[in-house]
Structures are given as structure tokens and as C-alpha cells.
There are 2 protein chains.
Amino acid sequence: MSRTERRTVRDLRRGHRAMLLRALYFGGPASRHDLCAATGLSAGTVSTLTADLLDEDVVVEAGQVDSDGGRPRVLLRVNPDHGYAIGVDVGETQVRVELFDLGMTERAGASYALHSARHDPELVVRHLLEGVDTVLADSGVPAERVLGVGVGVPGIVEAGPDALVHATTFGWNAVPFGALVRAGTSLPLFVDNGAKTMGQAELWFGSCRGVSDAIIVFIGSGVGCTVVADGAIYRGSARAAGELGHLKIAAGGRPCRCGGRDCFEAYVGAEGILDRAGIAADSADQRPALARLLEAGSPVLAGTAELIGLGLSNLVHLFDPERIVIGGWAGLMLGEGLLEPIRAATAVNTMASFPPVPIVLGGLGADAVAMGAATLVVEEFLRGAQAAGAQATA
Amino acid sequence: MSRTERRTVRDLRRGHRAMLLRALYFGGPASRHDLCAATGLSAGTVSTLTADLLDEDVVVEAGQVDSDGGRPRVLLRVNPDHGYAIGVDVGETQVRVELFDLGMTERAGASYALHSARHDPELVVRHLLEGVDTVLADSGVPAERVLGVGVGVPGIVEAGPDALVHATTFGWNAVPFGALVRAGTSLPLFVDNGAKTMGQAELWFGSCRGVSDAIIVFIGSGVGCTVVADGAIYRGSARAAGELGHLKIAAGGRPCRCGGRDCFEAYVGAEGILDRAGIAADSADQRPALARLLEAGSPVLAGTAELIGLGLSNLVHLFDPERIVIGGWAGLMLGEGLLEPIRAATAVNTMASFPPVPIVLGGLGADAVAMGAATLVVEEFLRGAQAAGAQATA
DNA sequence: TGACTTTTTTTAAGGCTTAGATTATGGTCT
DNA sequence: AGACCATAATCTAAGCCTTAAAAAAAGTCA
């Protein structure tokens, strides 16, 4: 039943243009000849398409490669200064705003601490807007060259212009986050779950590069995940897929902050782990508290690895991924010491007929959420690839 | 990263042709004018494409619709006799072979009983091949008009020409099922997991018609499921996705026939239910035994509904479906009396931020596996839509 | 019978890709 | 140094495809 779109002969060109741009973006500098091989297009088509892109300054030349007996090939690459993307991580402890060029080099950043029970949407939005102004000023990038702002938030983000956010841990219930931000800026806006933006960052630049079926698990205070199916993020019918944190994994009856019981997150999220170890920590203190716990050792940790493995085996059975990545600040901390037990527990709980699934740590650190949020903007750019000005004023 | 294919101007026509054929196949009889609206193509294109299809006898006229003041529209539909598809259900208790025309009307069928511990691959293949000969003879359809044979088998089916099958319950470990069948027939062959073929049948003709994100749960002796993502079946990296049966759901420690513990199937599959109720039944006797249990009532049943609801809530959290369908012979039997408790248990275990998910029973009965297997053949036909002869001899 | 509707087919125009020919650019051999 | 070769990039002619508009077909209604 999968929908196929009507296509005109011009869509071919648009599609090929996007293909070429993707190949150039992810395939580093390449000559026109290389692009023929990468895209399967003929030399003539590559030639005219690249001429367009060069004209528009989307692509620039990047030196030559000496040949051994022939005309040297001219390398091309996406112009990193053609446009910029702002990524925002709305986390439990802070709002982090970063400005990237198209090459995903960070040009400026700003952070605003949040305190427990002070996750007022208006405050968060004020921080966000101030952050945008700050990174623009610090980097000297004019606003009209910014292709958009991507935001990663906790909880479920409904589709639609208002981007309604449901985040139980923030006490947000259908907060029109998108509408609030749009009231303060005219930049194109993209809002998604933070675990998903992290997943996209790992998919594009981290431990999942080139993998087409993968799962990226985010472990912070809470737990979420990104499912990558056939190279794209799987979102489900209401953009709520991947709510790994509230999977029911055991019959111990442990209450979860979502109001339910037996949720995965209540056992293996940082808050859950600390609580099970008898440590009460304010959200801002969880990182050091977890670090101390890991250093001191605790019987809770072995059980945590077991439970994570159990959860991951469920993901393997249902999604059959090629690879699993563990990220998020707590996930990265846990992974340092517990990766082997987690791998073992996952294997034990997985049927033998499944091929063994590599489990690795995220390669981008804890900043991946903001970077991934910026990739939402770049994704749109790669799809359409209009000139920067045209997009910003649309 | 999602791959885009290079396309030539002729691919446009091929794509539009397939689009048109799909619209006609699923949209019932329609006039050329209707097809313009359905596909978005211009009248001219629809006219030439349908002319081709009529020439090739893929499509036939199906009467006229009287107009009120204008040229009457000529209705077109896919020619049901243009080709035929054979679907095979390799189940725990029998091998069922059915022959369908393109309109999915059953033209002939044959069954071969299997007995416990007699799931020898060679025997199954012999039954299958004999069944194919029988349905051809009974229906009078010449073999060269058969577009292919689709087979639904238990367990995991690896991609590749040999179609290696791993089915622990049959004792099959990497059985080259496809190779064995191909040795006995030259018809195009499609092999997939039986739960997935059933899912595709429900998606095309049953309780999931027109739904683009759904989950179809198969409950028989064991348990499996089909994940429909964006109108297509989600298969994962090794075609093993959707192994719902071996999801870990509780910490009761109940052993599963897969060798693991706490598997969903060990609790809510027919075998598991009967076992928990203290009834030992040979695979051939499970249906009547379960029927008796349901009639007599048992405290095990309420718990079963609870556990099914728990499992379904996990699916909701991870996949965010628009709808859940319960099928399979045991699922349909359980659903008659337990659908409400299952719905309630699912809702209780699902976070409030999820929209409520309708849970319904399969609409095609227990024969859906074989029908779905035949749809694998039709799916290929709709993709390429070559003439019947050309495909069979390829 | 003639005006009006609606459906289909035909026709002219414009765009796209490809394959092959041509031009550009530099190395290699004598 | 100059002729010749190899590789890269561009140009050109040919073939398809879709669309929009015009024309034809087939009825209804006054």
C-alpha cells in the first residue's frame, strides 16, 4: 500500500540534485567523476547539476587531485559557510544552544541552567531565544544565513505547527512549545524528542554512520530511544514511537515517575538507579551522584546491567537491528564499566537464531542532543537545498 | 541517509504504471477519470497507460456508469484471470495450499496433516509440491499462468535464494527451504514468516485496510507479529523483526520452548496457556483443547488477558501504531471472550500521553496465512506488472 | 435538432537523461 | 621539446515522458 507520489520530469532533477548533495555532504570532498560512481548518474547530468550548485554557492571547489597521466580531477564539497543551523538541547538540567555551520563545526554555544521543578515552558523558551541571540552575536553569523533552529525536548512531540509537547517529567502536558518559540523568532523551527535528535546525530556522524537498521538508546535521568529503519528514523503514527523508557520489563512492581509501574526507566534511568541504591539526588546533582556510585561500586550496578540487557534483547527481537548504540550522559557513564555485562546479558536473553548484535557506546559524547537537533535543519536543507536566503524568508 | 535510487525518465512511466495498477487493484473498478484523481496523473497519461494495460490484458473493461448529461464513464478493473497466485501455509498441524486468482478469489485448495515431531523438511516440501499440482489440476489453471508461489512458514526466514529457515519449534535450524522447493518447481517462489503473511493479508484485505501504521499480532501455538510502518511491512536488518513471541515480559521464570525463559509466547501462546492450565495437548489437539478451556472457563484466562495487554502496551510504546489487530487461530478464539479485558489491560499499561489505540480482531479468519502468502506473489506483480508469461519463464 | 456536459484521445511543447563526441589538462616517451 | 596518451569535464543529438490545451466522442435535456 505504500504511497507512491506522482512525479513529473522535473522531480527527477530535484531528486537527483538532492541525491548529489547528500553524496557530497556525507561522502566528503569528491570529484565530479567520483559523484558519477556514487550516484549512478551520467557524467553529463553530474556536470550540469554541479554547475547549478556551484552557481548558487551551495558547493565550492576544494582543490585538485594530481593525476597519473590525465587531467587532474577537481574536488568539490558542500560550502560549510553557505548556511548555518542552530541546535538546542532542552534537558533536565540545562538549556544548551549551539550554532553550527553546514560542516557541523560548532561556531558558538550558550548554556542556561535549569533547576528542579523550574521547568516552566515560558522560562525555557526565554532561555532558548536568548541563546539564539547570543550564539548569533558571538559567531557573527547574520540571522538571514541561518537555515533554521532544531530543538530536542524530553517527551513526546506531536506533529503539527504547534509542536505540542507531552513531558511528564517536566510536568508538561500538551505544551504548545512550537507556538511559543515561533512567537519569538521567525527562523524555521524543527522540534523533536531529544533521544531522537541524539539518535540522528549518532546516525549521521557517530557510531551509526552508514548503518541502515539500528537502535540508539538514550539513558539520562530517563530513557528513550531512536529506531533507525532503512536509514530513516522510525516515528510511528503519532511521532511517539521509541518510548523505550516505559516498556514494562519486570514484575517487581517498582513505581515509575510516569505514574505507571515496572517501567524500564524506573530501573535503569539515572534517577531509578540512584533511587534503587538509596540515594536521593536533585536533577542537577544526578551526574556527580552517579559518578560516585560507579566509582564506589554497588550491588545495584550488576543488576542494572542485567536489566539493560533484558531491555536490549527485547529491542533485538522486535526490531532486528544491525547495531545498538548506547548514549546519553548516564548511558555513557554506565557503559565505561558495564558494557561487557550488558553485552552478555543481551546475548543471554536473545534467541540463538538472531545474528549477534554489536553493542557500542555513542561516539559524540553528551553534546549529541544539540548537534542532532541541528541536523534536523540540515536534513531539511539536504532535501530541498534551496538557497539560504530563500529558505529563511519563506 | 535513506537511499534514493537513480531514475531515468522511463522509470517515471514504470512507476506511474505500477501506481495506476495499485489504484485499480485496491480501489476497485474505476474510470480513467477516477484514476486521474486517485493518482494525480493527467488525463493524457492515464489514457495511454491504461491503453497499454488493456492491450496486455492486465486490465479489462467492467461496464459503464450512466451519466447525467455527458459521456458515460467506462469502468476498468484488474483482470482477475490475467494470472494466478498460490499461497501455502506451513503450520504446526498442517500444510495448506490454496490457489487464488488476482482478485483473491480462492479457486482450489488442498490440505495435508502434519503430526507432532514429524516436521521433516523433505516431507513438508513433498506435501507442498503435491498441493501445487493438486490445486492446478483441480482448478484447471495452466501452470504458465501462475505468477508464483508464496509460502508462510514458522520462524525466521533469512533473505537470499535459499531462504534459510530457523524454526525452533519445528527443529529446523537453517533449513534451506527455498532451495528444497525450487528443486521441485520452476515457479517463482516467495518465502516469509507465517505471522507476516497473515499480517499482509489483514493489511490488504482485512482489519487493517488503508491503515499505514499498524501491528498485527498472530497467536497460534506460538506468537508472532507483523509491524506495518508507513504502509509497508517492517522487516529489520535480517528479516527477523517482529519476534514478539520471545519478548521477555515477566520475571516469573517460566521456561519457553525456545530454550529461554519468560518469553511472551510461553505465557500467552496456545501451548503456554494450556500448559499453565495443567493441560497437555499434542499440537493437533490444541484447538479443541483451547476451545474446551474457553468454554469451561479458567482462572488462567483472566491472567492471560492481563499478560496480553502488557505485551500489547509494549508494542504501543515502541511502535506507536494506529491500530492493533489480533489474529491467528488461538488469537481469534481468545478474542471472542477476552477482547475487552485485553483492551483494558493494554490501556492501563500504556502512558496517558499516547492516543488510545483501537484493538480489533482479524477479519479474515484462520486462513489468512495462506492468503497472505499469495499476496506476496501479487505484491511482486503489482510492482512490476509484466505479462504473466514473461514473469513465469524468467 | 441544437446547446450543453462530461469523458477520452490527440497534439504540440518543454524538460530530462543518456550515450557518444569533443574539448581541456597534464603526464610520458623519444 | 614535441608528439602522443590518458583521464576529466563539457557539449550535442536523440529519445522518452508528462502536461496542458485542443479536439473528438458520446450522452442528456429543452
Side-chain angles (χ1 to χ4, degrees), chain A residues 4-21 23-24 27-55 59-77 385, chain B residues 4-21 23-24 27-56 59-77 384-385:
Chain A
T4 327
E5 279 291 301
R6 172 181 82 108
R7 299 204 163 284
T8 131
V9 104
R10 284 178 105 146
D11 291 322
L12 276 184
R13 194 159 181 89
R14 271 192 281 275
H16 287 164
R17 178 185 157 120
M19 230 168 103
L20 201 69
L21 201 56
L24 221 38
S31 72
R32 292 173 178 79
H33 200 70
D34 298 335
L35 290 171
C36 294
T39 61
L41 295 168
S42 71
T45 303
V46 169
S47 194
T48 59
L49 279 174
T50 51
D52 285 357
L53 291 168
L54 281 164
D55 270 356
V59 161
V60 291
E61 297 196 348
Q64 294 196 347
V65 158
D66 286 356
S67 75
D68 27 25
R71 176 171 172 175
R73 45 183 69 180
V74 175
L75 293 180
L76 304 172
R77 68 189 165 96
Chain B
T4 328
E5 279 291 299
R6 169 183 84 109
R7 298 202 164 283
T8 132
V9 106
R10 285 176 103 147
D11 292 323
L12 276 184
R13 194 157 180 87
R14 271 192 281 276
H16 287 163
R17 180 185 156 118
M19 230 168 104
L20 202 68
L21 201 55
L24 222 36
S31 71
R32 293 174 179 78
H33 201 69
D34 298 335
L35 290 171
C36 293
T39 60
L41 294 169
S42 73
T45 302
V46 169
S47 193
T48 61
L49 278 173
T50 51
D52 285 358
L53 291 168
L54 282 164
D55 271 356
E56 295 168 24
V59 160
V60 290
E61 297 196 346
Q64 294 195 347
V65 158
D66 287 356
S67 76
D68 27 25
R71 176 171 175 174
R73 44 183 70 178
V74 176
L75 294 181
L76 304 172
R77 67 188 166 98

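All heavy atoms count here, side chains included; hydrogens, waters and symmetry mates do not. In what follows, every chain begins at residue 1, and chains take the letters A, B, ... in the order their sequences are listed.
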>> Taking any heavy-atom pair under 4.0 Å as a contact, classify A:Val46: base, sugar-phosphate, or nothing.
In response: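 The residue A:Val46 makes no contact with any strand.
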>> Minimum heavy-atom separation for A:Ala23 and A:Ala38, please, with both atom names.
In response: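 Where A:Ala23 meets A:Ala38 most closely, the heavy atoms are CB-CB, 4.4 Å.
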Could you tell me if the side chain of [Y] sits less than 4.5 Å from the side chain of [X], heavy atoms only?
X       : Y       : result
B:Val65 : B:Pro72 : no
A:Thr45 : A:Thr39 : no
B:Arg77 : B:Val60 : yes
B:Thr48 : B:Arg13 : yes

> Under 3.5 Å, is there a donor-acceptor pair between the side chain of B:Asp55 and the main chain of B:Asp52?
Replying inline: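 No, the answer is negative, given that no donor and acceptor are paired below the 3.5 Å cut-off.
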Just how far, in rounded Å, is [atom2] of [N] from [atom1] of [X]?
X       : N      : atom1 : atom2 : value
B:Arg32 : C:dT8  : CZ    : P     : 6 Å
A:Arg13 : C:dG14 : CZ    : C1'   : 14 Å
A:His33 : C:dT25 : NE2   : P     : 18 Å
A:Leu49 : C:dT18 : CG    : P     : 10 Å
A:Leu41 : C:dA19 : CG    : C1'   : 14 Å
A:Leu20 : C:dT17 : CG    : C1'   : 14 Å
A:Asp11 : D:dC16 : CG    : P     : 22 Å
B:Met19 : D:dT18 : CE    : P     : 11 Å

> Quick one: side-chain contact (heavy atoms from CB on, under 4.5 Å) partners of B:Thr50, sequence neighbours excluded?
Replying inline: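 Checked B:Thr50 against side-chain contact (heavy atoms from CB on, under 4.5 Å); matches are B:Leu20, B:Arg32, B:Leu35, B:Val46, B:Leu76.
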With the side chain of [X] defined as its heavy atoms from C-beta on, choose the nearest nucleotide among [options].
X       : options                : answer
B:Val74 : C:dT17, D:dA9, C:dT8   : C:dT8
B:Leu12 : C:dT8, D:dA9, D:dC17   : D:dC17
B:Ser42 : D:dC17, C:dT18, D:dT19 : D:dT19
B:Arg10 : C:dT8, D:dT10, D:dC17  : D:dC17

Between protein and nucleic acid, restricted to nucleotides 21-26 of chain D and to nitrogen or oxygen atoms under 3.5 Å apart, what atom pairs and distances do you find?
from: D:dA26; atom 1: N3; to: B:Arg71; atom 2: N; distance (Å): 3.4

> Using a cut-off of less than 4.0 Å, is there contact between a side-chain N or O of B:His16 and OP1 or OP2 of D:dC17?
Replying inline: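 For B:His16, the contact criterion (side-chain N or O under 4.0 Å from OP1 or OP2 of D:dC17) is not met.
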>> Strictly below 4.0 Å: does A:Ser47 bring a side-chain N or O up to OP1 or OP2 of D:dC11?
In response: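 For D:dC11, OP1/OP2 do not have a side-chain N/O of A:Ser47 under 4.0 Å.
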